[in-house]
K.L.:
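Just dropping this structure here.
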Amino acid sequence: MKNAAAVTTACRLIEESEESLSLTDLAQAVGLSSSYFHRTFKAHTGLTPKDYAAAHRAKRVRAALAREATITNAIYDSGFSSSGRFYETSRAMLGMTPSRYREGGSDEDIKFAIAKTTLGDLLVASSATGVAAILLGDDAETLLRQLQDLFPKARLLGAEKDYEAVVAQVVGFIEAPKIGLHLPLDIRGTAFQRRVWQALRDIPFGQTWSYTAVAEYIGMPRATRAVAKACAANKLAIAIPCHRVIRRDGALSGYAWGVDRKEIILDREKLEKDM
DNA sequence: GGTTCTCTGCCGC
DNA sequence: GCGGCAGAGAACC
């Protein structure tokens, strides 16, 4: 069997199998040694067999939750061994509990507030888990619309008294990012996006990496375009420093909240770094 | 906490 | 191009 065919076969096996297949099982099925199969699979798909299986299972969970009458049915339907594991992983996958996901996040409370900063208007929003969005923009109205798009079914609660302290902390962080943001974050995204965002948080303060460098850092050197898309999907400005990713030739490339802002932020970080 | 599995590096042919 | 093995780390019980 040619390698490409072996990988495709393995993918089909993972997709069709009810229970999870071990690395050895898959390797045997396509006639390669487990170590070589592992390498080959990763070279072709950018994911390890286990990652691939996890991603596929995540898709099944979403589909099952949408289709099945009860969560228990969804658990069995998406191939989990125990409900404990299901809840553990589904929370991270969905960014909310399974039951809340079924309701489309409709009973979720999102507190938010808008403040003025030297970078323009700032919107901070938090779920029960932590800060879920930090948006920058030129006017409050646009920011609020963006928030509604991010959480279409949530109850958006503005002007909560106890929320001002959180907002103040974020504003302080925006003005002097070196101090860091010491608040829990509610990071919601696909497994791949979370991997990219984690990589961004590893970029040292005051430095910039290229998209290629980030792709290599997460072990997927050919995924530069996907990396750029994941950066653009960031909803936590500055806290997840997507502004520290620029083009290899030094050009700033794009920024969800405007290239001008990207430039200002980077200049500031460069200055602050040596202080 | 021990065991099993995953993942990678390294060497061999 | 492919296999085997070792070692570290993650996952599982």
Side-chain angles (χ1 to χ4, degrees), chain A residues 1-65 71-99 101 129-130 184-204 209-227 230 240 245:
Chain A
M1 200 183 316
K2 275 193 76 180
N3 278 347
V7 171
T8 332
T9 310
C11 289
R12 295 298 92 77
L13 282 171
I14 291 169
E15 284 154 21
E16 282 155 24
S17 163
E18 288 300 314
E19 62 264 35
S20 58
L21 299 164
S22 76
L23 183 62
T24 324
D25 293 337
L26 289 166
Q28 259 170 20
V30 299
L32 293 172
S33 77
S34 49
S35 59
Y36 184 64
F37 166 71
H38 189 273
R39 275 191 291 264
T40 309
F41 192 94
K42 196 177 171 187
H44 276 80
T45 63
L47 299 170
T48 69
K50 197 183 175 185
D51 289 340
Y52 188 89
H56 184 255
R57 198 158 64 163
K59 216 192 290 178
R60 272 167 74 165
V61 167
R62 287 171 194 278
L65 281 171
I71 291 177
T72 315
N73 285 349
I75 293 173
Y76 291 123
D77 215 70
S78 41
F80 276 85
S81 48
S82 74
S83 57
R85 295 219 61 72
F86 173 84
Y87 281 103
E88 209 175 285
T89 47
S90 62
R91 254 202 99 101
M93 247 153 35
L94 307 168
M96 59 190 89
T97 63
S99 52
Y101 178 84
T129 313
L185 301 179
D186 182 355
I187 301 173
R188 299 179 188 183
T190 65
F192 178 78
Q193 285 172 336
R194 296 163 73 93
R195 238 167 111 192
V196 173
W197 295 340
Q198 185 51 53
L200 300 185
R201 297 175 80 184
D202 290 343
I203 303 177
W209 288 6
S210 68
Y211 291 97
T212 318
V214 175
E216 279 166 3
Y217 185 79
I218 61 169
M220 298 176 61
R222 285 176 313 285
T224 44
R225 287 188 72 98
V227 165
I240 293 174
V245 189

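Lettering follows sequence order; numbering is per chain, from 1. Being a predicted model, the structure only gives us computed values, none of them experimental.
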K.L.:
Quick one: list whatever passes salt bridge (Lys or Arg N to Asp or Glu O under 4.0 Å) with A:Arg39, sequence neighbours left out.
P.N.:
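By the salt bridge (Lys or Arg N to Asp or Glu O under 4.0 Å) rule, A:Arg39 matches no residue at all.
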K.L.:
What residues, two or more places apart in sequence or in another chain, satisfy ring pair (Phe, Tyr, Trp, His ring centres under 6.0 Å) together with A:Tyr52?
P.N.:
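By the ring pair (Phe, Tyr, Trp, His ring centres under 6.0 Å) rule, A:Tyr52 matches A:Phe41.
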K.L.:
Which atom pairs link the protein and nucleotides 3-5 of chain B when you take only N or O atoms and keep those under 3.5 Å?
P.N.:
none

K.L.:
Axis-to-axis angle across the helix from B:dG1-C:dC13 to B:dC13-C:dG1, five pairs an end, to 10 degrees?
P.N.:
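For the helix from B:dG1-C:dC13 to B:dC13-C:dG1, the axes at opposite ends meet at about 10°.
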K.L.:
Which residues pass the side chain to side chain contact (heavy atoms under 4.5 Å, CB included) test with A:Arg195, not counting sequence neighbours?
P.N.:
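By the side chain to side chain contact (heavy atoms under 4.5 Å, CB included) rule, A:Arg195 matches A:Leu47, A:Asp51, A:Ile218, A:Met220.
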K.L.:
Checking A:Ser34 now: which residues fulfil side chain to side chain donor-acceptor pair (under 3.5 Å) with it, not counting sequence neighbours?
P.N.:
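A:Ser34 satisfies side chain to side chain donor-acceptor pair (under 3.5 Å) with no other residue.
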K.L.:
Please enumerate all residues that pass side chain to side chain donor-acceptor pair (under 3.5 Å) together with A:Ser17, with sequence neighbours excluded.
P.N.:
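Residues passing side chain to side chain donor-acceptor pair (under 3.5 Å) with A:Ser17: none at all.
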K.L.:
Spell out, as yes or no, whether a donor-acceptor pair under 3.5 Å connects the side chain of A:Trp197 to the backbone of A:Ala230.
P.N.:
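Confirmed, A:Trp197 side chain pairs with A:Ala230 backbone.
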K.L.:
Mind checking what makes salt bridge (Lys or Arg N to Asp or Glu O under 4.0 Å) contact with A:Arg12, not counting sequence neighbours?
P.N.:
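Residues passing salt bridge (Lys or Arg N to Asp or Glu O under 4.0 Å) with A:Arg12: A:Glu15.
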K.L.:
By side chain to side chain contact (heavy atoms under 4.5 Å, CB included), which residues pair with A:Arg194, not counting sequence neighbours?
P.N.:
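Partners of A:Arg194 under the side chain to side chain contact (heavy atoms under 4.5 Å, CB included) test: A:Ala92.
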K.L.:
Which nucleotides of nucleotides 8-13 of chain B have their base under 4.0 Å from a protein heavy atom (B), which only their sugar-phosphate (S), and which neither (-), written as one string 5' to 3'?
P.N.:
BBB---
K.L.:
Mind checking the OG1-NE2 spacing from A:Thr24 to A:His38? Nearest 0.5 Å is all I need.
P.N.:
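Taking OG1 in A:Thr24 and NE2 in A:His38, the distance rounds to 11.0 Å.
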K.L.:
Rounded to whole angstroms, how far apart are CG on A:Leu21 and C1' on B:dT6?
P.N.:
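Interatomic distance, CG of A:Leu21 to C1' of B:dT6: 15 Å.
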K.L.:
My understanding is that only residues two or more places apart in sequence, or in another chain, count here; which of them pass side chain to side chain donor-acceptor pair (under 3.5 Å) with A:Tyr217?
P.N.:
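Side chain to side chain donor-acceptor pair (under 3.5 Å) check on A:Tyr217 returns A:Asp202.
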K.L.:
Collect all protein-nucleotide pairs involving nucleotides 7-10 of chain C in which both atoms are nitrogen or oxygen and the distance is under 3.5 Å.
P.N.:
none

